[in-house]
Every structure is written in C-alpha cells, then in structure tokens.
Student: 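Provided herewith is a single structure, encoded as structure tokens, for subsequent inquiry.
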Amino acid sequence: MDSDRKSTVSSFYGRKPSVDVLHQDYRQSTSSPGPRGRDDASSFFSPERSSMDHLTGPRSTSAGYNRNTFFPAAREEPLKGGADEEAAETDAWDVYADFNNAGPRYSSAFGMGQKQAAYTQIPPSTSLLKEEPDPQGSKVEMVTVPALGAEWSKDELYNATKAGKRERRLESRKEFWKAWKRGERGLCGRYFTRKVLIWFLFGLCCAIGIVLAFTIPRVPTFAFNASAPLVNATGSWAKAVPTQFVPSYANFSFPAFANLQVNTDNNYLPIHFSHLRAEVFDLNTNRQVGSGSYSKLTLPAHAFPQILLPLNFTYVADNSSDTTYQSWYNACKNRGLYPNNQRPPLQFRLVIDMDIIGLPKTQSTSGQVSDADCPVELPLNAP
C-alpha cells in the first residue's frame with residue numbers, strides 16, 4: 001500500500017480481543033489492568049484524565065482511538081442445533097430479555113452479574129374515572145342527543161304536501177313500469193310478469209277465437225219455393241192491405257207472402273233477426289213494385305226452416321199503357337180470359353236486408369223468379 005494512504009493510527013493494524021460481551025475473546029477479568037492491559041483507559045473513555053498528562057508522564061495510550069475500537073471483519077457466533085437443542089437447554093437464551101422486562105438479564109458488561117433478576121414490572125395503571133354505583137342495580141343507558149337544528153328540511157316539507165305526494169306516486173309508477181318492462185316485477189305479485197302476460201293474452205286470444213268460431217252467426221241463404229214463390233195473404237195481413245186494380249188510374253195494390261226457405265246449416269247457434277226488410281223489383285223494367293218487413297225473427301241452427309215474408313205489392317203508373325202495369329195486370333187477370341187457363345207469369349227480383357244480432361252491419365241477399373203465378377185473381381167482369 002502507498003505510504004500516503006496508510007493509516008497513521010497505531011491501533012488500526014493491531015488486533016485486540018473484541019469488547020463485545022458476547023464474543024469469545026472478551027476478557028471477563030474485573031481486576032485492575034496493567035499499563036497496557038486496557039487501551040480504553042484513554043481520554044476518550046476516561047474524560048476525567050487531564051489532557052496534559054502525556055507531557056509529564058510516559059505515553060502509554062492514544063487519544064480517541066485504540067485497538068478495541070475496531071472489530072474483526074466477521075464475528076463468529078456459536079451455531080445452534082435447531083429447536084430441539086434449544087428446548088433441551090434449561091436456561092434458554094432470549095434476545096428480548098433485556099428489552100421487554102419479562103426475563104433475566106444476561107449482560108455481564110461493566111461489572112454486572114452473570115444473571116440478574118428481571119426488571120420490576122410497573123403495575124397496571126387504574127382508570128381515573130370512577131364508576132358510581134347504581135342504587136337501583138340497573139345500568140343507565142346513555143343516549144346520544146343530536147345537535148339542535150331545523151326540525152324539517154325543505155325536501156321533507158315539500159314531500160308532506162299534496163304535490164310532493166303526487167310526485168312520489170308518479171315516480172313510483174314510473175319505476176314500477178320500468179321494472180315490469182324489464183321483467184323484474186309482476187303486476188299482481190311476482191308471478192304476473194310481462195312474459196306471463198304475453199302468454200296469457202295469447203291464450204286468451206286463442207280461446208276467444210275458438211268461442212267466436214262457434215258463436216258468431218253466419219249469414220243464411222234464402223231460396224224461393226219452386227212450386228209457389230208467392231202465396232195469397234191470409235188473416236190480418238189480408239185485411240190490412242186491400243186488393244185493387246184501377247186501369248183508369250194505372251195503379252194496383254194487393255197483399256201476398258213470399259214463400260221462402262232459409263238455410264242455417266252453417267250456424268252452431270240459433271239466428272236472431274232484429275229486423276228483416278224486403279223490396280220487390282220488376283225483372284224487365286227494374287221498377288219497384290212491392291216491399292215488406294219482418295221484425296224479431298228467430299230461426300234454428302242446422303235446419304232448413306220455411307218462412308212467409310209479408311209483402312205489399314203497390315205500383316202507380318202515369319197511364320194504363322205503362323209496361324210494368326200491363327205485365328202485372330195481365331198476370332193477375334182471371335184465368336177464364338185465357339185459353340187453357342194459362343196466365344202469363346210474374347217476373348221479379350226480391351232483395352232482402354237483414355239485421356242479425358251478433359253481426360256489426362246489415363247483411364243483404366237477393367233472389368229472382370221468372371215464372372211465378374200471381375197470388376190474386378181478378379173477377380171476370382173486372383175492367
């Protein structure tokens with residue numbers, strides 16, 4: 001090493017036994033050391049010595065540093081054999097004995113004994129608060145009293161009004177409707193959710209469709225009796241409308257019944273007619289020559305009932321040469337005026353309007369006859 005970097009402290013390169021009380025080189029002799037027995041008897045460790053002693057006496061120590069100041073590079077510790085060896089020792093060494101006041105002290109430095117008694121533990125401090133005895137033998141519960149302040153806030157005052165209650169109800173309905181649309185809540189409890197409602201409505205529509213398929217009435221069909229489409233009126237209807245043909249005024253009127261057969265085979269329930277109206281038109285001239293009506297008529301289902309629809313044949317022409325008047329007048333003359341008793345037939349079209357209970361609008365049907373016999377017969381001496 002270079003001379004300028006070499007330490008000038010004499011004790012730097014020498015080696016003295018360690019001053020560590022746990023080291024094996026530590027001298028435990030308590031007798032008075034010789035002249036060079038302990039280097040720590042210097043002014044650094046003995047401040048009571050005068051700083052001028054080195055001038056009057058021999059120099060035996062160095063100031064500040066000695067050989068005991070520096071430790072070896074690594075201290076050799078005795079190896080332990082593990083937990084089994086430690087458990088076998090009667091007086092196990094505890095590193096915390098000098099600090100936690102719970103065990104004996106092993107330090108023997110500075111003239112102290114090998115094994116000193118444990119530090120005296122400080123007794124636990126008692127609470128300064130004294131509990132007063134309860135004369136009644138029951139504990140008093142202390143309730144925290146809130147700080148003084150406003151009894152009602154603005155929001156609470158508003159919620160107590162009708163407008164606030166109405167707003168809360170509206171908000172609650174909105175939240176319920178949102179939860180119901182998401183399928184989180186039900187209308188009537190937790191079961192009637194949106195999915196259940198959809199299936200219920202689907203089943204209800206199917207049931208209604210099946211019921212309507214059997215209960216909705218169908219429009220029946222009408223057909224004239226082939227042998228006698230028109231029959232002579234009897235009873236009160238015959239007395240209500242007089243029979244007369246007046247060639248001078250070119251008019252006629254007579255009562256009759258339309259002999260009809262109704263087909264209700266496509267209905268499962270009886271058909272109820274609230275009103276039934278009929279109009280008769282001449283098939284050649286398309287002039288109306290009669291009308292009639294029927295109210296509150298009921299027909300059975302899956303049947304072919306026959307009805308007599310009352311008709312009032314009435315027509316007024318400008319003169320006796322009117323084609324419509326002549327055809328109906330000639331068809332109703334006496335048979336004796338024709339050879340082989342064959343009168344010309346009546347040709348007309350019958351239009352029927354029906355108001356059926358269970359159907360939303362008026363239904364219509366029509367039929368025509370080209371060879372009907374006149375239900376009345378004029379006398380031989382009729383003009």
Side-chain angles (χ1 to χ4, degrees), residues 173 176-177 179-231 233-237 240 255-281 283 288 290-312 348-372 375:
R173 292 193 191 100
F176 176 82
W177 179 246
W180 183 81
K181 289 194 296 184
R182 290 192 293 263
E184 298 174 357
R185 297 185 63 180
L187 291 177
C188 302
R190 62 187 181 91
Y191 297 103
F192 206 62
T193 58
R194 185 180 65 170
K195 183 178 180 180
V196 175
L197 178 63
I198 292 174
W199 281 106
F200 173 76
L201 293 178
F202 176 75
L204 182 63
C205 292
C206 293
I208 292 174
I210 294 173
V211 171
L212 291 179
F214 290 95
T215 57
I216 291 180
R218 277 78 170 175
V219 179
T221 58
F222 292 83
F224 286 96
N225 192 314
S227 58
L230 296 176
V231 295
T234 57
S236 60
W237 181 244
F257 288 111
N259 192 5
L260 301 175
Q261 186 180 43
V262 185
N263 181 8
T264 61
D265 189 56
N266 55 354
N267 287 272
Y268 297 94
L269 297 176
I271 302 176
H272 301 277
F273 295 92
S274 60
H275 202 83
L276 194 146
R277 296 176 295 273
E279 294 178 348
V280 183
F281 297 89
L283 194 60
Q288 183 176 350
S291 62
S293 63
Y294 212 120
S295 60
K296 296 182 180 180
L297 177 65
T298 301
L299 300 178
H302 291 287
F304 297 91
Q306 290 185 356
I307 63 172
L308 296 175
L309 181 62
L311 296 176
N312 179 19
F348 62 90
R349 185 178 76 256
L350 181 67
V351 178
I352 301 175
D353 296 330
M354 301 167 286
D355 293 330
I356 303 174
I357 297 176
L359 296 179
K361 59 182 181 179
T362 302
Q363 305 296 326
S364 298
T365 184
S366 63
Q368 64 182 19
V369 178
S370 59
D371 55 352

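All values reported here derive from a predicted model rather than from experimental measurement. Throughout, residue positions are numbered sequentially from 1 according to the sequence presented.
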Student: Counting only heavy atoms not in Phe176 (residues, nucleotides, ligands), do more than 12 fall under 6.0 Å from its CZ?
Tutor: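 More than 12 heavy atoms, drawn from other residues, nucleotides or ligands, come within 6.0 Å of this atom.
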Student: Please check if the side chain of Thr264 supplies one atom and the backbone of Ala303 the other of a donor-acceptor pair under 3.5 Å.
Tutor: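 At least one qualifying donor-acceptor pair exists.
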Student: May I ask you to test the Thr365-Val219 pair for a side-chain heavy-atom distance under 4.5 Å?
Tutor: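 No, too far: nothing below the 4.5 Å cut-off.
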Student: Do Val351 and Ser366 make a side-chain contact, defined as non-hydrogen atoms from C-beta onward lying under 4.5 Å apart?
Tutor: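 In contact.
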Student: Within this structure, what is the CG-CG distance for the pair Leu308 and Asn259, rounded to the nearest 0.5 Å?
Tutor: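 Answer for the CG-CG pair, Leu308 versus Asn259, is 5.5 Å.
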Student: Report yes or no: do His275 and Ser295 form a side-chain donor-acceptor pair below 3.5 Å?
Tutor: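 Their side chains do not contain a donor-acceptor pair, so the 3.5 Å distance test is not met.
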Student: Report yes or no: does Asn225 contribute a side-chain atom to a donor-acceptor pair with the main-chain N or O of Ser227 at less than 3.5 Å?
Tutor: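 Present.
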Student: Measuring from Thr221:OG1 to Leu260:CG, what's the distance to the nearest 0.5 Å?
Tutor: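 Rounded to the nearest 0.5 Å, the OG1-CG separation comes out at 11.0 Å.
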Student: Are there more than 12 heavy atoms of other residues, nucleotides or ligands under 6.0 Å from atom OH of Tyr268?
Tutor: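 At most 12 heavy atoms, drawn from other residues, nucleotides or ligands, come within 6.0 Å of this atom.
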Student: Output yes when a side-chain donor or acceptor of His302 lies under 3.5 Å from a complementary backbone atom of Asn267, and no otherwise.
Tutor: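 Answer holds: yes.
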Student: Where do Ala258 and Phe224 come nearest, in terms of heavy atoms and distance?
Tutor: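 Minimum heavy-atom contact is CB-CE2, 4.3 Å.
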Student: Going from CG on Leu309 to OH on Tyr294, what distance comes out if it is rounded to the nearest 0.5 angstrom?
Tutor: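 The CG atom of Leu309 sits 8.5 Å away from the OH atom of Tyr294.
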Student: Ignoring hydrogens, what is the shortest heavy-atom contact between Pro220 and Phe273? Give both atom names and the distance.
Tutor: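 Shortest heavy-atom contact: CG-CZ, 3.8 Å.
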Student: Test side chain to side chain contact (heavy atoms under 4.5 Å, CB included) on Leu299 and Ile307 and set out the steps.
Tutor: CA-CA 9 Å; Leu299 300 178; Ile307 63 172; 3.9 Å; yes
Student: Minimum heavy-atom separation for Pro310 to Ser293, with atom names?
Tutor: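 Smallest heavy-atom distance, with atoms named: CG-O, 3.6 Å.
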Student: What distance do Phe222 atom CZ and Leu350 atom CG have between them, rounded to the nearest 0.5 Å?
Tutor: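 One gets 9.5 Å once the value is rounded to the nearest 0.5 Å.
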Student: Quick one: does any side-chain atom of Thr362 pair with a main-chain N or O of Asp353 as donor and acceptor, under 3.5 Å?
Tutor: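 No; judged by distance alone, with no hydrogens or angles, the pair does not exist.
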Student: Tell me whether the rings of Trp177 and Trp180 are parallel (<30°), tilted (30 to 60°) or perpendicular (>60°).
Tutor: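 The arrangement is parallel - the two ring planes meet at less than 30°.
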Student: Mind checking the CG-CZ spacing from Asn263 to Arg218? Nearest 0.5 Å is all I need.
Tutor: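 If we round to the nearest 0.5 Å, Asn263:CG and Arg218:CZ are 13.0 Å apart.
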Student: Nearest 0.5 Å please: distance from the CD1 atom of Ile216 over to the CG atom of Leu359.
Tutor: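 It comes to 7.5 Å.
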Student: Does a side-chain heavy-atom distance below 4.5 Å link Leu311 with Leu230?
Tutor: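 Leu311 reaches Leu230 side chain to side chain.
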Student: I need the minimum non-hydrogen distance between Arg349 and Leu283, along with the two atoms involved.
Tutor: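 Closest approach of Arg349 to Leu283: CB-CD1, 4.4 Å.
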